[in-house]
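Here the structure comes first, spelled out in structure tokens, and everything after it is commentary.
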Amino acid sequence: MSSRTNAEMRGLHIGTDRHAWWKEAVVYQIYPASFLDTNGDGWGDVPGITKKLDYLKDLGVDVIWVSPIYKSPQADMGYDIADYEDIDPSYGTLSDVDNLIKEIKKRGMKLIMDLVVNHTSDQHAWFLESRSSKSSPKRDWYIWKAPRYDSQGNRQPPNNWALLLGEANSAWTWDENTQEYYLSLFTPEQPDLNWENPAVREAVHNILRFWLDRGASGFRMDVINLISKVQTFPDAEVLAPSHAYQPGDKFFANGPRLHEFLQEINQKVLSKYDTLTVGEMPFVRDEDEIIKVVGAESGELNMIFAFDLVDIDNVPGEFTFTLHPWNARDLKRCVARLQRLMLERDGWNSLFVENHDQPRSVSRYTDDSDQWREYGAKLLCLLQTTLAGTLYVYQGEEIGMRNVPESWGPEEYKDIQSINFFKKYNEMYPDNPEKIALARKIMQRKARDNARTPVQWTADPHAGFTSPSSKPWMRVNDDYKTVNVAAQLANPNPQPGTLSVHSFWRRGLEHRKKHKEVFVYGDFELIDAEHESVVAYKRWSKDTACVVVLNFSGETVEWDGMGEMSVKRWWAGNYDERELGKKSTGGKIELSPWEGLIGELE
Ligand code: GLC
Ligand code: CA
């Protein structure tokens with residue numbers, strides 16, 4: 001352990017020696033099927049991304065992360081890869097990608113790829129070979145186990161782990177041909193690779209090299225903390241007694257050899273390139289485990305996606321499709337913990353409240369009604385653009401896209417996880433309309449589909465996502481006539497003294513870069529930690545100190561959490577900014593519903 005004091009370590013971030021492009025970068029995530037369709041088949045494509053590069057550059061984006069576009073049967077929307085070195089024809093060709101990379105670089109931006117190597121598709125040549133016989137040379141590339149038998153002599157999976165995208169079922173899939181089970185944590189179409197086998201690891205290293213040599217600047221690493229499993233494959237504790245299968249993450253999240261495997265990737269590949277790496281790390285809260293991955297001296301990854309904020313409304317330890325109450329105090333606890341952790345232990349954060357696996361943030365954390373949606377979207381922008389870490393914006397977030405409407409029937413949901421969930425409810429409660437209504441409500445609040453509807457570009461048919469005569473692969477949100485990019489670009493000041501959500505984001509990103517010593521690299525302290533609706537914190541660098549005050553409630557609040565501090569000038573807010581000069585600068589501050597403010601401190 002280091003003998004440096006916390007204060008000394010915190011000082012590291014305030015100097016100039018810890019600067020890096022990947023820390024300051026604004027990353028924009030593209031979910032390609034829903035971004036923009038250019039050939040009228042109703043499915044977004046690579047040329048569609050290329051077409052919008054000027055739009056992204058103008059917004060303030062530095063790095064583009066594209067969710068998987070590789071050859072895939074699309075059992076899980078491309079997170080089931082059949083060939084890592086080719087593009088799925090539905091997205092275009094390798095030469096479309098080369099062109100995309102060229103155009104991205106021309107604009108001074110970078111591309112990161114989605115690396116999905118915990119598992120492959122069951123159609124990948126490796127798996128086809130592996131399943132062909134017990135003596136196949138690739139048998140050991142996946143995780144095969146003999147069945148167990150219960151007291152009645154019925155065949156059972158090797159343990160009780162539940163499938164992550166269909167919790168009513170086992171994580172093990174039976175193979176008739178070779179009479180063994182293979183591990184498939186997500187769906188049966190996504191067999192887990194056996195990372196214990198050095199040949200598998202070498203094959204993965206080659207995938208990274210392939211894309212880095214082609215011009216990619218790094219990777220978002222899909223569920224990377226699941227690659228090392230406890231090799232005895234024990235039964236999980238029964239946490240959900242009404243379910244036959246149980247959450248088994250204790251035995252496959254941050255398993256025994258994770259750090260060894262990540263260090264190997266770094267030494268053999270990443271250290272030879274200039275990259276941004278972000279590992280998706282569900283299930284993990286342990287601070288030592290996090291620092292081992294993202295600590296400045298770790299030699300593993302630059303940063304991770306921690307799940308604290310997006311798990312806020314899940315019943316702890318249970319499955320995602322649950323509803324759990326929370327308030328602003330919970331939210332700021334999540335934020336403050338990770339902010340402080342990285343400052344004190346020299347790690348690095350990622351900032352995100354949306355991606356393709358989460359509902360829309362304006363619906364989840366604020367109020368998406370017509371009255372409040374824009375305030376909520378801007379409030380979340382203020383939060384994210386003023387915290388320390390690398391910022392990730394998800395497509396559509398910059399215009400405040402919301403969840404699908406409650407009126408949509410279950411048939412509109414296309415995600416395998418939603419389909420499995422609804423099926424499970426129907427099987428468990430066949431003649432119970434109340435339970436079915438509950439299942440629909442949970443889907444409307446939590447389903448991944450919410451973030452997967454096509455991007456709303458214009459008020460034209462299908463929101464301009466595809467040609468008017470085509471049928472989008474997924475239904476466009478009903479609100480596209482009012483919520484779309486074109487409307488916000490055409491009208492950057494919808495009311496006097498206010499900006500559109502899009503302009504607010506653009507200015508927020510600009511502001512963040514201009515004051516990066518404070519917002520990206522500066523120190524952090526939570527203010528008034530116990531308040532139930534106001535999230536407030538101080539950010540400061542050597543020469544500037546700011547306060548951010550965010551009312552995460554639909555009520556007017558008389559807030560007196562400023563203590564001795566006083567504001568020199570309020571810089572920005574999500575209400576009429578012509579009124580900022582009249583705001584109180586200390587003592588009691590009146591905050592309107594969902595109001596957010598940034599000010600410079602005296
Ligand atoms: C990650 C992806 C998700 C996918 C899963 C399996 O969580 O973000 O979309 O279903 O991994 O690859
Ligand atoms: Ca297309």
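Every number for a ligand or one of its atoms is a count from 1 in the order of the listing.
Side-chain contact check for Asp357 versus Glu280: some heavy-atom pair is nearer than 4.5 Å.
With Trp161 as the aromatic partner, Lys229 does not meet the cation-pi criteria of under 6.0 angstrom to the ring centre and within 45 degrees of the ring axis. Taking the ring axis of Trp144 as reference, the NZ or CZ atom of Arg139 stays within 45° of it and closer than 6.0 Å to the ring centre.
Among protein heavy atoms, atom 8 (O) of ligand 1 sits closest to Asp357 OD2, 2.4 Å. The closest protein non-hydrogen atom to atom 5 (C) of ligand 1 is Phe186 CE2, 3.6 Å. The protein heavy-atom contact nearest to atom 11 (O) of ligand 1 is Asp222 OD1, 2.9 Å. In terms of protein heavy-atom proximity, atom 4 (C) of ligand 1 is closest to Asp76 OD2, 3.2 Å. Taking atom 7 (O) of ligand 1 as the reference point, the nearest protein heavy-atom neighbour is Glu280 OE2, 2.9 Å.
For a distance bound of 3.0 Å, the N, O or S atoms of Asn39 include one lying that close to the Ca ion (ligand 2). At a cut-off of 3.0 Å, Gly48 is not counted among the residues with an N, O or S atom near the Ca ion (ligand 2).
At a heavy-atom cutoff of 4.0 Å, ligand 1 is contacted by no atom of Gln417, backbone or side chain. Contact annotation for Arg220 and ligand 1: only side-chain heavy atoms (C-beta onward) come within less than 4.0 Å of the ligand. Only the side chain of Arg452 comes within contact range of ligand 1, with a heavy atom under 4.0 Å; no backbone atom does.
Of all N, O or S atoms in Asp37, the one lying closest to the Ca ion (ligand 2) is OD1.
Salt-bridge check for Asp308 with Arg337: passed, with a basic side-chain N closer than 4.0 Å to an acidic carboxylate O.
If you number the atoms of ligand 1 from 1 as listed, the ones under 4.0 Å from a heavy atom of Val223 come out as 1 (C), 7 (O), 11 (O). Near His119, with a cut-off below 4.0 Å to any heavy atom, the atoms of ligand 1 are 6 (C), 12 (O). The contact set between ligand 1 and Arg448, taken as ligand atoms under 4.0 Å from a residue heavy atom, comprises 3 (C), 4 (C), 9 (O), 10 (O). Atoms of ligand 1 lying under 4.0 Å from any heavy atom of Leu165, numbered from 1 in the order shown and given with element: 10 (O).
Taking the Ca ion (ligand 2) as the corner point, the angle from Asp41 atom OD1 to Asp45 atom OD2 is about 160° (rounded to 10 degrees).
Tyr425 has its ring centre less than 6.0 Å from the ring centre of Phe421.
In this structure, Tyr79 and His356 have parallel ring planes: the angle between them is below the 30° cut-off, well short of the 60° mark. Aromatic ring pairs are classed by plane angle as parallel below 30°, tilted from 30° to 60° and perpendicular above 60°; the pair Tyr392 and Phe305 is perpendicular. Using bins of under 30°, 30° to 60° and over 60° for the plane-to-plane angle, the ring pair Phe127/Tyr142 lands in the perpendicular bin.
Contact between Met77 and ligand 1 is absent, with no heavy atom of the residue lying under 4.0 Å from the ligand.
Proximity of a side-chain donor or acceptor of Lys446 to a complementary backbone N or O of Thr322 within less than 3.5 Å is detected.
With Ser184 as the partner, the side chain to side chain donor-acceptor pair (under 3.5 Å) test is satisfied by one option alone out of Thr173, Asn169, Asp192: Thr173.
Between the side chains of Ser67 and Gln29, at least one donor N or O lies within less than 3.5 Å of an accepting N or O.
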